2 protein chains.
Amino acid sequence: MSARAALVNADEAWEPVSDSVLSRLSEAILSGDLKPGTKISEPEVSKRYGISRAPLREAIRRLEERNLVSRIPRQGARVVVLSPARIEQIFVIREAIEGMAAREAAARITDAEVAALKASLERQREASRETGSLAYPFKSLDTDYHSAIVHASRNEFLVKFLCEDYYALVELCRRQQRRRPERVHRSLIEHGQIVEALAQRDPDLSEMLMRRHVAAARKDVLAHLDPHPPKEKKK
Amino acid sequence: MSARAALVNADEAWEPVSDSVLSRLSEAILSGDLKPGTKISEPEVSKRYGISRAPLREAIRRLEERNLVSRIPRQGARVVVLSPARIEQIFVIREAIEGMAAREAAARITDAEVAALKASLERQREASRETGSLAYPFKSLDTDYHSAIVHASRNEFLVKFLCEDYYALVELCRRQQRRRPERVHRSLIEHGQIVEALAQRDPDLSEMLMRRHVAAARKDVLAHLDPHPPKEKKK
DNA sequence: TCACATCATTCTGTCGACAATCAGAGGATA
DNA sequence: TATCCTCTGATTGTCGACAGAATGATGTGA
């Protein structure tokens with residue numbers, strides 16, 4: 001069995017070209033290298049990356065699935081433009097989904113996961129103290145924290161939705177905001193409350209606190225949008 | 001301008017091959033023609049439909065986006081198998097998303113839309129009386145009803161999620177259930193309550209009632225699963 | 001100067017083909 | 001007889017190419 005498993009998928013390191021292209025394009029969009037509204041020309045990108053158009057088209061379609069680009073038939077794909085209205089809509093969905101994830105997690109989370117969450121929270125507090133909440137690593141810790149709660153829900157569709165489909169889009173929203181130490185501080189308090197509710201296995205409270213947390217983040221992002229958002233590019 | 005618009009997209013009836021294939025495959029899965037677990041062979045399907053593999057692969061990717069098939073690299077795509085656990089997970093997401101849609105709709109719905117909803121509800125009642133709730137048209141009316149509420153939320157991501165990404169999957173869940181007149185009757189009452197809450201522009205009540213409605217449907221589906229679900233097929 | 005029609009270029013959607021890999025049949029061995 | 005290995009056919013991922021449509025530039029007329 002193990003010998004057979006070794007034969008199947010012998011090339012463990014193999015990865016579809018479309019996957020690596022997807023990663024590179026995602027990074028380019030998140031980093032602002034590809035600005036909102038930019039047209040993604042298939043011949044150009046395929047030449048630049050040295051691949052054919054087949055895997056590139058697959059990658060673009062998956063970017064569309066993740067709402068990072070929008071396609072119009074016979075006209076190609078463009079990087080999504082995040083208007084304030086759209087950012088609000090995305091946070092509304094997040095509130096519903098993450099709230100439900102917290103509710104489900106409260107009923108299923110293990111003691112070990114609660115302990116891990118508390119440890120994660122402590123790392124966030126440390127990072128916050130050390131760097132004044134401005135450093136990049138905090139974002140990663142925040143993502144880990146939310147991801148852990150979603151996984152504790154034991155709902156594969158919730159996981160897929162938040163960790164795959166909407167992960168990059170939420171990150172893109174976040175990057176349109178200036179860093180605000182006050183919000184980070186407040187956020188840490190809310191994280192602590194949520195962990196406490198989860199530890200008590202209280203579904204109602206967990207959901208309510210998570211929804212308030214996301215709603216607060218929404219208001220903060222919308223109230224402090226980067227005054228110099230990347231402009232659309234026609235070309 | 002209108003002249004130019006007429007030139008652009010002159011062939012108004014044109015549709016990508018991948019779209020029509022997507023429709024045909026979706027229908028085949030929903031109708032049970034393609035049973036859960038069935039492998040979707042690209043050469044076979046492309047030959048059967050008389051198309052090349054390129055648009056077929058695009059269609060399969062979109063089926064994956066809608067969770068109707070699952071793909072494994074280098075092994076192909078298989079029709080999703082809806083275990084009771086998965087059905088429950090799908091309804092959990094629906095509860096969160098449709099609940100939020102109802103909340104948002106309560107704040108944005110127009111008088112005309114409320115009137116249309118009430119009319120739709122009346123049609124459902126009539127269909128229920130005439131056919132004893134067993135006829136197919138009721139399903140369509142129910143879909144229209146939920147769709148109208150989602151659209152009233154004015155949230156394009158909510159609309160895309162419910163009306164595109166998850167629509168077929170929910171429909172697939174529904175078809176694993178025997179028809180139950182009692183549930184249909186109860187469902188009509190709940191629909192009426194929701195419309196009333198929307199008409200009063202009460203976000204809290206609208207969301208709560210919609211969540212209860214979806215949760216009730218979930219319990220009903222799980223409690224009365226078709227005892228003869230379509231079996232997986234290896235070949 | 002502005003609006004419109006015409007045309008060349010570029011791009012998207014689709015097609016057929018090839019190499020590497022996977023699943024299953026069949027035989028060899030204990 | 002059961003388990004493992006080998007081999008063969010079929011399938012997936014990727015590639016290059018072509019036809020029709022869209023974009024933008026050019027030219028024409030009021």
Side-chain angles (χ1 to χ4, degrees), chain A residues 1-25 34 37-65 69-79 232-235, chain B residues 1-25 34 37-65 69-79 232-235:
Chain A
M1 174 57 180
S2 69
R4 174 140 190 90
L7 283 178
V8 173
N9 253 337
D11 194 353
E12 199 68 37
W14 177 83
E15 180 191 44
V17 178
S18 57
D19 279 18
S20 62
V21 176
L22 174 65
S23 302
R24 294 177 72 173
L25 284 176
L34 282 174
T38 308
K39 164 127 191 223
I40 298 183
S41 163
E42 294 178 9
E44 182 195 326
V45 177
S46 64
K47 260 179 257 170
R48 175 142 42 96
Y49 289 170
I51 59 173
S52 80
R53 280 177 54 215
L56 173 62
R57 280 174 69 84
E58 161 126 13
I60 291 177
R61 212 210 53 73
R62 293 173 75 174
L63 289 175
E64 186 189 18
E65 175 181 345
V69 309
S70 60
R71 279 198 323 168
I72 302 178
R74 297 268 174 191
Q75 294 188 25
R78 285 179 180 277
V79 179
E232 297 183 49
K233 252 193 193 168
K234 276 296 165 54
K235 174 70 176 311
Chain B
M1 175 57 180
S2 69
R4 174 141 190 90
L7 282 179
V8 173
N9 253 339
D11 192 354
E12 199 68 38
W14 177 83
E15 179 191 44
V17 177
S18 56
D19 279 19
S20 61
V21 176
L22 174 65
S23 303
R24 294 176 71 174
L25 284 177
L34 282 174
T38 308
K39 164 125 193 225
I40 299 183
S41 163
E42 295 178 8
E44 182 196 327
V45 176
S46 65
K47 260 177 257 171
R48 175 143 41 96
Y49 288 170
I51 60 172
S52 79
R53 281 176 52 215
L56 172 61
R57 281 174 68 84
E58 162 126 12
I60 291 177
R61 280 180 238 129
R62 294 173 76 173
L63 288 175
E64 187 189 19
E65 173 181 348
V69 309
S70 60
R71 278 200 321 168
I72 301 179
R74 298 267 174 191
Q75 293 188 26
R78 285 180 181 277
V79 178
E232 298 183 47
K233 252 194 196 169
K234 275 299 166 50
K235 178 68 175 311

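Order of the sequence lines fixes the chain letters, A, B, ..., with proteins taken first and strands second; residue numbering starts at 1 for each chain. Here the structure is a predicted model, which is why all the values come from computation and not from measurement.
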d(CG, L56(B); C1', dT11(D)) in whole Å:
13 Å
Roughly, in whole Å, what's the span from CD in E64(B) to P in dT12(D)?
14 Å
Starting at atom CZ of R71(B), determine the distance to atom P of dC22(C), rounded to an integer number of angstrom.
15 Å
Side-chain contact check for I51(B): nearest option of dG13(C), dC15(C), dG13(D) is dC15(C)
Return the nearest nucleotide to the side chain of P55(A); candidates are dA17(C), dC15(C), dC15(D).
dC15(D)
By nearest atom, which of the nucleotides dG13(C), dC15(C), dA20(C) is closest to the R74(B) side chain?
dA20(C)
Where do I51(B) and L56(B) come nearest, in terms of heavy atoms and distance?
CD1-CB, 4.1 Å
Rounded to the nearest 0.5 Å, how far apart are NZ of K39(B) and CD1 of I72(B)?
9.5 Å
Using 0.5 Å steps for rounding, measure from the CZ atom of R62(B) to the CG atom of L25(B).
12.0 Å
Which heavy atom of S18(A) sits nearest to which heavy atom of P55(A), and what is that distance?
CB-O, 3.5 Å
Give the rounded distance in Å between these two atoms: CZ of R53(B) and P of dG13(D).
8 Å
Looking at R78(B) and G37(B), would you say the former's side chain and the latter's main chain have a donor-acceptor pair under 3.5 Å?
yes
How close or far is atom C1' of dG13(C) from atom CD of E58(B), stated in whole angstroms?
9 Å
Under-4.0 Å side-chain N/O to phosphate OP1/OP2 contact, R57(A) with dG13(C):
yes
Could you tell me the separation between the CH2 atom of W14(A) and the C1' atom of dG13(D), rounded to a whole number of Å?
6 Å
Interatomic distance where CD belongs to E15(A) and P belongs to dT21(C) [whole Å]:
15 Å
With rounding to the nearest 0.5 angstrom, report the OG to CD1 distance, S46(B) to I40(B).
12.5 Å
Only one of R61(B), R57(B), R71(B) passes salt bridge (Lys or Arg N to Asp or Glu O under 4.0 Å) with E42(B), and that residue is R57(B)
Pull out every protein N or O sitting under 3.5 Å from an N or O of nucleotides 8-11 of chain C, one pair per line with the distance.
none

